[in-house]
2 protein chains.
Amino acid sequence: MNFTSTEENYIKQIYHLQQEKERVNTNSLAAEMKTRPASVTDMLKKLKNKKLLQYERYRGFKLTEPGKKIALGIVRKHRLWEFFLANKLGFEWDKVHVIAEELEHVSSDELISRLDLFLGNPSFDPHGDPIPDRNGKIPQVKQLNLLSLPLSQQATVSSVTNQTGEMLDMLKHYGIGLGTVLRIIKRFDFDGSLEIRVAKQPPCIITEQVAKNVFVHYAKNTT
Amino acid sequence: MNFTSTEENYIKQIYHLQQEKERVNTNSLAAEMKTRPASVTDMLKKLKNKKLLQYERYRGFKLTEPGKKIALGIVRKHRLWEFFLANKLGFEWDKVHVIAEELEHVSSDELISRLDLFLGNPSFDPHGDPIPDRNGKIPQVKQLNLLSLPLSQQATVSSVTNQTGEMLDMLKHYGIGLGTVLRIIKRFDFDGSLEIRVAKQPPCIITEQVAKNVFVHYAKNTT
DNA sequence: AATTAAATTTAGACAAATCTAAAAATAAAT
DNA sequence: ATTTATTTTTAGATTTGTCTAAATTTAATT
Ligand SMILES: [Mn+2]
Ligand SMILES: [Mn+2]
Ligand SMILES: [Mn+2]
Ligand SMILES: [Mn+2]
């Protein structure tokens, strides 16, 4: 079956909201879609008709299995295009999302499989988010918030949740990007800020606000 | 100003029809757009309102200068994406058009200028059609129909007008592609077919029907 | 010049996606 | 257990792009 861009955007957003809350409600979806609850209700009926949504009025809703499959396909396209934009065209990570928001709706399956191959079957997008494979399987990495990283445990930056230009600016200043290796030297309980060593640079201090948006991972048996 | 995909498709198609006939008429545009004349009339009014079209009812129409600028921008995007699909993702030329038909509507200007750079600022798409530059300037090559090529004049294949899979199949069989060097050995007046030598292969015979879709160019002072 | 044919436009309707305003259902507070 | 507040849905309107059928204009024939 074929879906409109609008339907796809709704499906994808429902999927993202489901990741946080088992069941999604009308108002929060309306907020995310920057539209009115009444419009959301209309779309919910349509998606229910197409068997993509479990939905009873006033009771909240969530994607069916077919619906989730569709959602994962769109997420896959979105993140592959983001990877392309960042790694082939040289866009900064804070610019890729808006453009991928359009590219994700281009409908050719062969386009995506060729793009995937061309990019070298990447597993993570420029924000560190996992790219589902053609079957919808998502690579799982046990991530850890930088705030919870044990003292002096060396770790690699794997994703950043705040993907704005301001955050990008800040991290660039510190020399932090995806794949950057760092460790915590000292924790200041006064305001929660951290003294960290980024790669081989001299130590620096970052605020709790920055740290809570940075996720890292590390192998269990590495110092 | 911003235009819908539908508006862009109309504008582009009007541009293409104008290349053949100074003034375009409703029925031929309807045929190209696979829609009804009544729908075309509706769109003509809208484009006239937006100052993109010179149009008086029953009198035919053509793009204004601003309209032509828009059209060239869309043609540029379409052909750059076709180039990308063919030369980076490895699509055959008969598959790229349909996909580019969607990609051409992705709206970011920076995307196109970066894509252009990434592709090496190509001048021709996979069908040999010229790619307008960012100012809408089209590289002019004096092309010649293969039927009009003087006997034994060596020439290079520069474009093919019939861009179907069947034609691609046929040309592949003859070893003909864009950039292929060939010359005519003999002209058969009986049915208009041509004996040609493709590159260094043994001579072969192609029908008038094939030849009339193939365009070539050659330097004036080359044998 | 009058008639016939072809091309084009208008009138009115419809589907998709949106909105506002009002009604209905559910949840929270007294 | 009522009342009040919040959430959600319905009703009805709007915009975009499409359609069919009928009316109008232009072109072609007699
Ligand atoms: Mn989108
Ligand atoms: Mn992303
Ligand atoms: Mn198109
Ligand atoms: Mn082309």
Side-chain angles (χ1 to χ4, degrees), chain A residues 1-14 17-18 20-63 67 70-71 74 101-102 104-107, chain B residues 1-14 17-18 20-63 67 70-71 74 101-102 104-107:
Chain A
M1 199 167 278
N2 234 18
F3 305 98
T4 67
S5 294
T6 310
E7 288 171 330
E8 289 188 346
N9 285 333
Y10 273 96
I11 294 166
K12 192 182 59 167
Q13 199 53 61
I14 294 170
L17 287 172
Q18 277 188 185
E20 298 159 17
K21 281 183 58 184
E22 178 68 13
R23 242 181 144 67
V24 187
N25 55 318
T26 304
N27 270 356
S28 53
L29 181 52
E32 288 292 338
M33 300 296 296
K34 292 177 208 297
T35 187
R36 296 302 181 150
S39 311
V40 169
T41 302
D42 289 343
M43 180 59 78
L44 295 178
K45 289 179 193 162
K46 199 167 18 149
L47 294 180
K48 184 191 175 146
N49 268 341
K50 298 192 178 186
K51 317 276 185 201
L52 302 177
L53 204 62
Q54 280 174 34
Y55 165 60
E56 299 161 86
R57 56 209 233 299
Y58 293 106
R59 286 282 122 82
F61 47 92
K62 64 184 223 186
L63 294 172
I70 307 284
I74 305 163
E101 205 48 59
E102 293 185 56
E104 70 190 355
H105 305 293
V106 175
S107 59
Chain B
M1 201 166 279
N2 235 19
F3 305 99
T4 67
S5 293
T6 310
E7 287 172 330
E8 289 189 345
N9 285 333
Y10 272 97
I11 293 165
K12 192 182 60 166
Q13 198 54 59
I14 295 170
L17 286 172
Q18 275 188 186
E20 298 159 16
K21 281 182 59 183
E22 177 67 12
R23 244 182 143 68
V24 187
N25 55 318
T26 305
N27 271 355
S28 52
L29 181 54
E32 290 291 338
M33 298 297 295
K34 292 178 207 300
T35 186
R36 296 303 182 152
S39 311
V40 169
T41 301
D42 289 343
M43 181 57 80
L44 295 179
K45 289 179 193 162
K46 201 169 13 151
L47 294 180
K48 182 187 177 150
N49 269 342
K50 298 191 176 183
K51 316 276 186 202
L52 302 177
L53 203 63
Q54 280 174 34
Y55 164 59
E56 298 160 87
R57 57 211 232 299
Y58 294 106
R59 284 283 121 82
F61 47 92
K62 63 185 227 185
L63 294 172
I70 308 284
I74 304 162
E101 206 46 60
E102 293 185 55
E104 70 189 355
H105 305 294
V106 176
S107 60

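In what follows, chains are A, B, ... by sequence order, proteins preceding strands, each numbered from 1. Here the structure is a predicted model, which is why all the values come from computation and not from measurement.
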Under the side-chain hydrogen bond (donor to acceptor under 3.5 Å, both in side chains) rule, what do A:Thr6 and A:Asn9 come out as? Steps first, then yes or no, please. CA-CA 5 Å; A:Thr6 310; A:Asn9 285 333; 5.7 Å; no

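- Spacing between atom CG of B:Asp42 and atom P of C:dA11 amounts to 11 Å, rounded to whole angstrom units.
- Atom CG of A:Leu17 and atom CD of A:Glu22 lie 13.0 Å apart (nearest 0.5 Å).
- A:Asp42 and A:Ser39 share no donor-acceptor pair across their side chains, judged by distance under 3.5 Å alone.
- An OP1 or OP2 oxygen of D:dT16 is reached within less than 4.0 angstrom by no side-chain nitrogen or oxygen of B:Thr6.
- At whole-Å resolution of the value, CZ in B:Arg23 and P in D:dT26 are 14 Å apart.
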Each nucleotide of nucleotides 4-9 of chain D classed B (base within 4.0 Å of a protein heavy atom), S (only sugar-phosphate) or -, in 5' to 3' order, makes ---SBB

side-chain contact (heavy atoms from CB on, under 4.5 Å) evaluation trace for B:Ile14 with B:Leu47: CA-CA 11 Å; B:Ile14 295 170; B:Leu47 294 180; 4.0 Å; yes

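- Here the closest non-hydrogen pair linking A:Pro37 and A:Asn27 is CG-OD1, 3.3 Å.
- The nearest whole Å value for the distance from the CD atom in A:Glu7 to the P atom in C:dT18 is 10 Å.
- Between A:Ser39 and C:dC19, a side-chain N or O to OP1/OP2 separation shorter than 4.0 Å is present.
- Across the protein-nucleic acid pair, B:Asn2 atom CG and D:dT15 atom C1' stand 16 Å apart, rounded to whole Å.
- Of all heavy-atom pairs between A:Glu7 and A:Thr4, the closest is OE1-N, 2.8 Å.
- Contact annotation: A:Tyr10 reaches the phosphate of C:dT18 (side-chain N/O to OP1 or OP2, under 4.0 Å).
- Distance B:Met33 CE to D:dT18 P: 7 Å, rounded to the nearest Å.
- Going from atom CZ of B:Arg36 over to atom C1' of C:dC14 covers 16 Å, rounded to whole Å.
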